[in-house]
Colleague: 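Got a structure for you, questions after.
We're numbering straight along the sequence, starting at 1. Whatever order the structure lists ligands and atoms in, that order sets their numbers, starting from 1.
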Amino acid sequence: MAKAAMDTLQLSCIQIAIALLLLTQAKSTTEDTSPLHPNDTSISCIADERSALLAFRAGLSDPANLLSSWKGNDCCRWKGVYCSNRTSNVVRLDLRGPYCKNGDQTQVLAGNISSSLLGLKYLRHLDLSCNRFDKIQIPEFIGSLHKLRYLDLSMSMFIGRIPPQLGNLSNLQYLDLETYSYTSVDSSFHSDTYSTDITWLSQLTSVEHLDMTGVNLSTIVHWLPVMNMLPTLKFLCLRACQLRGSPDSLQFSNLTSLETLDISGNDFQKRCTPNWFWDLTSLKHLDISNNGFYGPFPDVIGNMTSIVELVLSRNNLVGMIPSSMKNLCNLERLLSFGNNINGNITELFHRLPSCSWNKLQDLFLPISNLTGSLPTTMVKSFSNLSRLYLSHNKLTGHVPQWIGELTKLTTLALDSNKLDGVIDEGHLSRLDMLKELTLSDNSIAITVSPTWVPPFSLNWIGLRSCQLGPRFPTWLQWQTHVVSLDVSNTSINDMVPDWFWIAASSVVFLNIRNNQITGVLPSTMEFMRAEAMDFSSNQLGGSIPKLPINITYLDLSRNNLVGPLPLDFGAPRLRTLVLYDNIISGAIPSSLCKLESLRLLDLSRNNLNGSITDCLVNETGTNMTGLSITNLSLRDNNLSGGFPSLLQKCPRLIVLDLGHNQFSGALPAWIGEKLSSLSFLRLRSNMFHGHIPVELTMLVKLQYLDLAYNNISGSIPRFMLNCTCMMQTRFNTNGLQNAFSSRVLADENELVDYTENLTVLTKGQERLYTGEIIYMVNLDLSCNSLTGAIPAEISTLVALKSLNLSWNNFKGNIPENIGALIQVESLDLSHNELSGEIPSSLSALTSLSRLNLSYNNLGGKIPTGNQLQTLEDQASIYVGNPSLCGPPLSRRCPHPEPIPGENDGDASDDLVSFFLAMGSGYVMGLWVVFCTFLFKRRWRVLWYLLCDSLYDWVYVHVAVTWSSFRGKING
Ligand SMILES: *[C@@H]1O[C@H](CO)[C@@H](O)[C@H](O)[C@H]1NC(C)=O
Ligand SMILES: *[C@@H]1O[C@H](CO)[C@@H](O)[C@H](O)[C@H]1NC(C)=O
Ligand SMILES: *[C@@H]1O[C@H](CO)[C@@H](O)[C@H](O)[C@H]1NC(C)=O
């Protein structure tokens, strides 16, 4: 449940969710457990009950052997079985699984619940919670265990209708039916259990505790009158029950004993006042969060003088909290995030309870649109304050010194505001109990003496984008119990001290990215506790040691790391490894194949060489079932050899970038079969030769294919007809999106979001696409030796954004219906041998922003209309096609329409031919250079970087020269 809720929360809400979890954990009090089973050898089990237990056990499956103690005669000694010390009857069966606590799905009971339980006639307490009974209904016979006072069936994967027979349990005091529910991607709500008629509840005349969290009650309109039949209720939780109606009032309220009411996560969508629950002035805990209540914060809150905890988060409440809240002398926790308070923080503080005794401990007001500066003197209500969350507001000014007087403070979270100024020892030196300090994303400088020893030992340090540097903050060395440390972007420009690695060895989420930290990674890194580390964009040198054993996410990109990759990575759980932009050399070791959980590997822009190991051969003895990798980038290295055959073992691959290496040989036919998930294939700037294999047809998810700058020959197979992703203008980007951004909960305050930076050549420039790459649909076959005609079917790839077939030997006409490529923004067919007329459908390409048809044998009149006239560099688009005529070229067509103001065409025609000739001569020269470079590898990389800007330069050069000459002649 908590996990599902977390998933639906947005990035900025993660911290809030964590905090809420902490709070709810703090709130959930332990139930009354008086052990009835003493260690008294005199009592022993009743035989019939023992048989009943054994029959019950026989129906269960117990993979983790949780019931291993269920043997021997005295069933009163079995785990979870408690007998009466008077009668020896089994009175309590407590088989709550550890699953809810540790999430370990194997530590559960499963299977069926046998009706033999009915043999336990004196059972008063039955707890089967937190197991996984395989999708069965709650058995109806449980309603016949008449003596039951306590029944907990929560979170055990029951499904279906809640049996109304439970209404027969008239002695029941405690009933927990919490069920798993979640919001799916399309934001529809799912729940495993439901009830369409809850009148049976009114028979539970003794019930004090009723929890139906997650049970689908969406068909029940009059649920409140049923609850009102239960005058004994003290605790009522109807969280996420899909309830719709919340009556304005309850005329005769029976709910006078109610202390806790949680109706959060329903769908009431009504004004916050009037509402029936405001009349329940006996309430101590009220949670109405996430219900679509709107309107101002109601004044009637002030009547709830018993209230201890008030949760109003995630509604659409607006305006300042009412001053009547001053009366809430028992208030310990006020939680309201995501409401639009839109007011001054000082005014809000003055409306908090101000009683002689003051109990306020938690003030949780993130994302509330709070403005103004924190008051300069301490607010009286804060003398007992333990947690202060004001993250994601618009607070300005300094952090006042009185913060340092809140000696009971355990959490101070002021991140994502507009605070500035300095925090020094005065703020921090008395906060002995502080555990969480989160000041990220403000303009705060933390200035403490290098010899300062903090009084606290923090678990959570979030100082992203604060000013800590330039020296490494020495006070961190005393923080040896940190779980999450984020000092990214804090202007540290220093050598990493040895003590840092000692302090950091306990950290689970470690983020020091974007500083100027020098030094080397410690050889003891494998002993660190880290699960996620981001050291990117620093100046760390040295080689990469063996990785921490638990690590799942590691980003060391943009450093100065050298040497080979480790021969043994360790790190069996590693999912994301980002090492681009370093100076890592040597071959890719075969140990990579042991990283079976790896999803994303980016080694681009290093100095790796050699061919890719084929683990199938090298890892003798291990029976490789295949790697889980979805995203592999080896771009910009010196890798060689054929198309890596290892990839045959990577069936989940979605993104493959081998661009700018020295791979050679033919493209293997198995790509189509073995890499069927491939969406993005970039082999640019290698030395692949041979034909484009027809088997690429099978890559139906392909939406990005870049084979430019190779030596590929033959004609274009008609495979594109099959690339559905290039054919659908609206396609599902989820898979690709996941492949590109591998997310990790690195700080639990923030999602560290790795989005691969990819340069995509389109519109003639290398453009850096981050994130939006998934919307790129691209076909680039430029600079190869392809021949034949451009297949007419190309016009079916209507989702194409960029099509580049330039610098090949294509012949024949431009397909007539090229205008069907309505999304195309960049179309380059230049430097081929295309002939015939330019199809007039071209003018239908309204998205077009770059067109290049130069240097072909096109003839006839240039089409006009729409976008075509607005393109930049009109003349260069068509240059090098001696038979083209009409505007924007000055060559007239054989039967020209009279163009007003154009009177010295002959002279300019001559000049144009002259400069065109000059232009093509120039480009011819470039082509020669290009071919030379093709074989001098070292120059190649540089060349390609320049390549496209040079094309542009040539066009611009020709065009400018031409027009300036024309200007001279005309003027
Ligand atoms: C109960 O007895 C067992 C051995 O018979 C012993 O290990 C255990 O510690 C005792 N428990 C208590 C609570 O005395
Ligand atoms: C046994 O039960 C009686 C009442 O049923 C109770 O008073 C007594 O404390 C119990 N003894 C132990 C050791 O729990
Ligand atoms: C209050 O509870 C009693 C006992 O369950 C019930 O008889 C009575 O109808 C309830 N009153 C209302 C107004 O529902």
Colleague: Which residue pairs pass the salt bridge (charged side-chain N to carboxylate O under 4.0 Å, His left out) test with at least one member in residues 54-71, sequence neighbours excluded?
Modeller: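 Residue pairs passing salt bridge (charged side-chain N to carboxylate O under 4.0 Å, His left out), neighbours aside: none found.
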Colleague: Do C45 and C75 have their SG atoms less than 2.5 Å apart?
Modeller: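 Bridged: C45 to C75.
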Colleague: So F235 and H209, would you call those rings parallel, tilted or perpendicular, with 30° and 60° as cut-offs?
Modeller: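 Ring orientation, 0 to 90° scale: parallel.
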Colleague: C237: what forms a disulfide (SG to SG under 2.5 Å) with it, not counting sequence neighbours?
Modeller: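 Testing C237 for disulfide (SG to SG under 2.5 Å), a comparison that skips the adjacent residues, returns none.
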Colleague: Sort out for me which residue in E332, Q361, E259 forms a side chain to side chain contact (heavy atoms under 4.5 Å, CB included) with V308.
Modeller: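 Only one of E332, Q361, E259 forms a side chain to side chain contact (heavy atoms under 4.5 Å, CB included) with V308, namely E332.
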Colleague: Determine all donor-acceptor pairs shorter than 3.5 Å in which one atom belongs to a side chain in residues 240-251; sequence neighbours excluded.
Modeller:
{"residue": "S246", "atom": "OG", "partner": "N275", "partner atom": "OD1", "Å": "2.7"}
{"residue": "S246", "atom": "OG", "partner": "W276", "partner atom": "NE1", "Å": "3.2"}
{"residue": "D248", "atom": "OD1", "partner": "K270", "partner atom": "NZ", "Å": "2.7"}

Colleague: Strictly under 4.0 angstrom, heavy-atom based: which residues surround ligand 3?
Modeller: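 Lining ligand 3: N228, M229, P231, F252, N254.
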